[in-house]
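The next block holds one structure in the form of structure tokens; read it before the comments.
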2 protein chains.
Amino acid sequence: MSTALPNTTVARRVPCEACPLRDNEHFRDFTPAELKFVSGFKRGELVSEAGSMILAEGSHNAQLFTLLSGWAFRYKTLEDGRRQILNYLLPGDLVGLQGSVIGEMEHSVESLSPVVLCVFQRDNLPNLFENHPGLAFDVTWLASREERMLDENLLSVGRRSATERAAYLIAFLYQRSEQVGQGRSSRHLIPITQQHVADTLGLSIVHTNKTLRKLASRELIRWHDRACEVLDPKGLAEVAGWDGLSESKRPLI
Amino acid sequence: MSTALPNTTVARRVPCEACPLRDNEHFRDFTPAELKFVSGFKRGELVSEAGSMILAEGSHNAQLFTLLSGWAFRYKTLEDGRRQILNYLLPGDLVGLQGSVIGEMEHSVESLSPVVLCVFQRDNLPNLFENHPGLAFDVTWLASREERMLDENLLSVGRRSATERAAYLIAFLYQRSEQVGQGRSSRHLIPITQQHVADTLGLSIVHTNKTLRKLASRELIRWHDRACEVLDPKGLAEVAGWDGLSESKRPLI
DNA sequence: CAGCAGACATGTCTTTGTTAATTGCCGCCG
DNA sequence: CGGCGGCAATTAACAAAGACATGTCTGCTG
């Protein structure tokens with residue numbers, strides 16, 4: 001039964017409804033020494049990997065960044081090449097807290113479209129936290145949201161059927177894409193291949209194909225070249241047994 | 001190429017090698033209004049759930065706590081009862097950032113042994129961050145570690161075979177148990193049932209049983225009543241194709 | 001034009017799930 | 001004290017889901 005403490009200047013940020021670190025504006029008070037912007041990636045390019053030259057330059061530990069625009073995904077692989085996609089990255093998402101040390105192949109990040117990044121020095125995090133009140137919250141908020149997404153993903157891969165999994169994934173990515181507001185394209189296109197879907201859901205590419213065809217035959221989706229068009233998000237959510245689409249926005253912290 | 005900034009009082013915490021929030025000592029500077037200790041749970045008891053009376057009292061949002069002693073696990077369920085265990089909680093682990101709102105059944109936590117908790121008011125987090133420099137780091141560190149564990153878990157469920165999954169899970173829990181130093185029991189016992197294993201790995205209980213027997217016949221483990229004894233951790237890691245056992249301790253942030 | 005990659009298709013084989021029945025242990029209660 | 005019921009672990013027999021090997025077709029690209 002703790003009593004409500006008085007609000008402070010930090011507390012003004014609560015509840016935190018919007019996604020932080022989304023646009024450049026959030027980085028106004030940062031000095032050039034604290035961050036740098038990186039762009040120019042093409043689709044299918046490795047953004048960060050053990051040994052990658054792009055983010056590993058200078059410090060081998062600089063692997064902390066937010067996505068400012070575009071799509072990407074994070075994955076791990078086993079020695080024999082089996083790959084598991086862990087989550088998809090849309091503008092505002094933070095990557096690198098998971099820790100990546102050269103040679104240990106913790107995880108890698110690959111782009112699905114041209115992307116723009118904002119890169120921080122990982123080992124500078126203590127100073128960043130101190131110099132930018134509120135950043136600790138933003139990071140906690142983002143980590144928290146990512147964990148919720150991973151949770152749902154794990155539930156999906158572990159306990160849902162192939163059809164449910166596929167429907168869930170697509171409905172989920174559709175929702176995220178809507179939230180971010182990819183205004184650009186009028187149709188709802190998700191820039192992934194069936195191989196990505198397979199590696200996300202823990203299925204073979206063949207079975208994934210069969211499953212997607214079933215969804216397509218029910219007019220829930222339509223598959224394009226390297227992209228999925230969502231025809232009926234609600235129908236997908238229903239197939240997936242997922243109520244997240246209608247989930248009300250709510251404060252996380 | 002940012003220059004190295006001078007160390008500050010906050011920076012002294014880096015690199016952070018040990019698990020923070022592990023013993024009572026870490027909570028010395030906290031006031032009684034900021035946290036409370038809860039104990040008295042028995043094995044198999046719900047620690048936190050939508051509607052639970054234990055942690056929901058007062059604020060419906062108090063679901064933020066660390067485990068001070070004992071074992072527990074976090075899980076989600078689908079409407080029809082299928083359950084997926086998300087991760088296991090050992091002393092020092094933090095729960096509740098994922099967000100849990102009454103009625104939405106986000107996730108639940110159940111104990112595997114008697115546990116002691118340290119509970120924070122979730123909506124008081126802003127003040128906590130402000131009043132306790134370093135706490136933001138500890139939380140980030142913990143969230144980061146949890147995400148790495150979830151990543152590996154997802155890889156496991158998505159891409160490893162039943163035998164690999166089981167071997168990985170047990171080797172992993174063995175390692176964590178060792179790190180925490182459950183000194184109490186001389187033998188290395190993990191207090192879970194085969195049903196827990198099944199729900200963690202996304203397998204049926206029957207198949208899990210066959211898989212575990214195979215591991216037992218290879219003298220890697222021995223199954224007791226509601227507990228798993230680890231005979232050969234290295235052998236398990238080898239079966240799992242996992243090199244995490246020998247992983248050197250390293251700073252995360 | 002050749003080469004290649006992705007989508008689509010099919011048949012066979014392996015892995016895993018389902019159902020159901022058996023045993024042993026333990027705590028509860030008459 | 002002893003029967004009863006429940007849970008964990010186990011096993012068998014069968015069904016289903018999904019993996020794998022293979023091949024075709026199409027559109028793109030050099």
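Since the model is a prediction, treat every value here as computed from it, not as a measurement. Throughout, a chain's letter reflects where its sequence line sits, starting with A, and its residues are numbered from 1.
Without hydrogens or angle criteria, B:Thr200 side chain to B:Ile85 main chain gives no donor-acceptor distance under 3.5 Å. Of the possible donor and acceptor atoms, one in the side chain of A:Arg165 sits under 3.5 Å from a partner among the backbone N and O of A:Arg160.
Taking atom CG of B:Asp225 as the reference point, atom C1' of C:dG24 lies 10 Å away to the nearest angstrom. Going from atom CD of A:Glu164 over to atom C1' of D:dG18 covers 15 Å, rounded to whole Å. One interatomic measurement links the two molecules: CD1 of A:Ile192 to P of C:dG6, which rounds to 14 Å at whole-angstrom precision. Rounded to a whole Å, the NZ atom of B:Lys214 is 15 Å from the C1' atom of D:dT10. Between B:Arg226 atom CZ and D:dG6 atom P the separation is 15 Å, expressed in whole Å. As rounded to whole Å, 11 Å separates atom P of D:dT10 from atom NE2 of B:His224.
Taking side-chain N and O atoms only, B:Asn209 has a distance below 4.0 Å to OP1 or OP2 of D:dT10.
Checked against D:dA13, D:dA19, D:dG18, the side chain of B:Lys210 finds its nearest nucleotide in D:dA13. Side-chain proximity of B:Thr193 to C:dT16, D:dT10, D:dA8: nearest is D:dA8.
For the pair A:Arg176 and A:Asp93, the salt-bridge criterion is met [side-chain N within less than 4.0 Å of a carboxylate O].
Around atom CD of B:Glu238, no more than 12 heavy atoms belonging to other residues, nucleotides or ligands sit under 6.0 Å away. Under a cut-off of 6.0 angstrom, the local environment of CZ in A:Arg83 is crowded, with over 12 non-hydrogen atoms contributed by other residues, nucleotides or ligands. More than 12 heavy atoms of other residues, nucleotides or ligands shown are found within 6.0 angstrom of CZ on A:Arg82.
A:Asp232 contributes atom CG, which lies 12.0 Å from atom CD1 of A:Ile170 (distance to the nearest 0.5 angstrom).
You'll find the side chain of A:Trp71 reaches within 4.5 Å of the side chain of A:Ser177, heavy atoms only. The side-chain heavy atoms of A:Phe172 and A:Glu152, taken from C-beta on, include no pair separated by under 4.5 Å.
For the helix from C:dC1-D:dG30 to C:dG30-D:dC1, the end axes, each set by the C1' atoms of five terminal pairs, are bent relative to each other by 30° (nearest 10°).
In terms of position along DNA chain C, the nucleotide closest to A:Trp223 lies nearer the 5' end than the nucleotide closest to the other residue of the pair A:Trp223 and A:Arg159.
Against DNA chain C, the stretch residues 194-207 of chain B makes heavy-atom approaches under 4.0 Å through B:Gly202, B:Leu203, B:Ser204, B:Val206, B:His207.
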